[in-house]
Amino acid sequence: MKEKRERQDDWRRAHYREAGINDKLIINLRDLSHVMRSLYEGKGSQKRVLIILHEEGGHITQRELTRRLEIKPGSASEVIAKLEGAGYIRRTPDETDRRTVEIELTEEGRKAAQEARQQRIRRHEEMFSCLSEEEKNTLLSLLETVRADWKERYQDGPRRHGGE
């Protein structure tokens, strides 16, 4: 197993050395994306739900939370049920619209949300600690330029532009 991993690593290093600048950029962005995915809360993670609730002043409708999480309503219901079972939130039907459910942080939920938010802040600081403030600003400017271009250029999705 170790030998196989070493061969793969050797192949990756050789492939990277031979790659052109655009391929190297994509390789780095892809690798960074994988690391971020492993470090970051998932779309529908309990910590992310708590942070969103905290950002919204402690309450939000289930429909709006599902929209913000960009997940299916069934997945949102599952996460919400776990948080409710843990005592972090409570669900109450809206008095004017019975189809709408309000989600509210409990006092215990507020504490957990604040801790989750602090963990996220520390993680973000750590992730970019290898850069100076000037380097961070330069990187941010470059990423914003690429993001704006890609948003305009690829707004119809990758299939219309020869995507994989």
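Along the sequence shown, residues carry numbers from 1.
Of all the heavy atoms in I103 and L53, the pair that sits closest is O-CD2, 3.7 Å. The minimum heavy-atom distance linking L50 with A112 is given by the pair CD1-CB, 3.8 Å. Pairing each heavy atom of T66 with each of A76, the nearest pair is OG1-CB, 3.3 Å. Heavy atoms only, all atoms of each residue included: R48 and S45 are closest at N-OG, 3.1 Å. Across all non-hydrogen atoms, the minimal contact from C130 to E135 is O-OE1, 4.1 Å.
Ion pairing of R67 with E64 is present here, as a side-chain N (NZ or NE/NH1/NH2) and a carboxylate O approach within less than 4.0 Å. Between E55 and R68 there is a salt bridge, with a side-chain nitrogen of the basic residue lying less than 4.0 Å from a carboxylate oxygen of the acidic one. Between E84 and R91 there is a salt bridge, with a side-chain nitrogen of the basic residue lying less than 4.0 Å from a carboxylate oxygen of the acidic one. For the pair E133 and K136, the salt-bridge criterion is met [side-chain N within less than 4.0 Å of a carboxylate O]. Salt bridge E6/R12: absent, no basic N to carboxylate O contact under 4.0 Å. Ionic pairing of K82 and E78 is present here: one or more N-O contacts between side-chain nitrogen and carboxylate oxygen are shorter than 4.0 angstrom.
Proximity of a side-chain donor or acceptor of T106 to a complementary backbone N or O of G87 within less than 3.5 Å is detected. A donor-acceptor contact shorter than 3.5 Å links the side chain of S77 to the backbone of P73. T61 contributes no side-chain N or O that, together with a main-chain N or O of V101, makes up a donor-acceptor pair within less than 3.5 Å. Between the side chain of T145 and the backbone N or O of S141, at least one donor-acceptor pair lies under 3.5 Å. Looking at N28, its side chain does come within 3.5 Å of a backbone N or O of K24 through a donor-acceptor pair.
Note: H59 NE2 to H54 NE2 = 12.5 Å, rounded to the nearest 0.5 Å. Between atom CG of residue D9 and atom NZ of residue K4 there is a gap of 12.5 Å, rounded to the nearest 0.5 Å. Of the inter-residue distances, the one linking L65 atom CG with E56 atom CD reads 9.0 Å to the nearest 0.5 angstrom. Distance check: I52 CD1 to L105 CG gives 11.0 Å after rounding to the nearest 0.5 Å. A distance of 9.5 Å separates CZ of R30 from CG of D23, quoted to the nearest 0.5 Å. Distance check, rounded to the nearest 0.5 Å: OG1 of T92 to CD of E95 gives 8.0 Å.
Residues Q119 and K47 are in side-chain contact: their nearest non-hydrogen atoms beyond the backbone lie under 4.5 Å apart. In this structure, D10 and R13 have side chains that are in contact, with non-hydrogen atoms separated by less than 4.5 Å. Contact of the L139 side chain with the F128 side chain is registered, since non-hydrogen atoms from C-beta on lie closer than 4.5 Å. Side-chain contact check for L25 versus N22: some heavy-atom pair is nearer than 4.5 Å. In this structure, the side chains of R120 and I51 come closer than 4.5 Å at one or more pairs of heavy atoms. Q114 has its side chain out of reach of Q118: every pair of non-hydrogen atoms, C-beta onward, lies at least 4.5 Å apart.
More than 12 heavy atoms of other residues, nucleotides or ligands sit less than 6.0 Å from atom CZ of R122. With a 6.0 Å radius and a threshold of 12 heavy atoms from other residues, nucleotides or ligands, Q8 has its CD atom above the threshold. For E144, the CD atom sits in a packed shell: over 12 heavy atoms of surrounding residues, nucleotides or ligands are nearer than 6.0 Å.
With sequence neighbours left out, R17 forms a salt bridge (Lys or Arg N to Asp or Glu O under 4.0 Å) with no residue at all.
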Open item on the list: Working note: D31 + Y16, criterion side chain to side chain donor-acceptor pair (under 3.5 Å); need CA distance, chi angles, decisive distance, verdict.
Closed with: CA-CA 12 Å; D31 289 352; Y16 187 81; over 6 Å; no
Open item on the list: Would Q62 and I80 count as a side chain to side chain contact (heavy atoms under 4.5 Å, CB included) here? Give the steps.
Closed with: CA-CA 9 Å; Q62 187 164 337; I80 291 165; 3.6 Å; yes
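Ring pair W11/H15 is parallel by interplanar angle, where below 30° counts as parallel and above 60° as perpendicular.
Side-chain heavy atoms closer than 4.5 Å link hydrophobic residues (I, L, V, M, F, W, Y) into clusters, and following such links, even through other members, never connects L32 to I26. By the rule that hydrophobic residues join a cluster once side-chain heavy atoms approach within less than 4.5 Å of another member, L143 and I27 end up as members of separate clusters.
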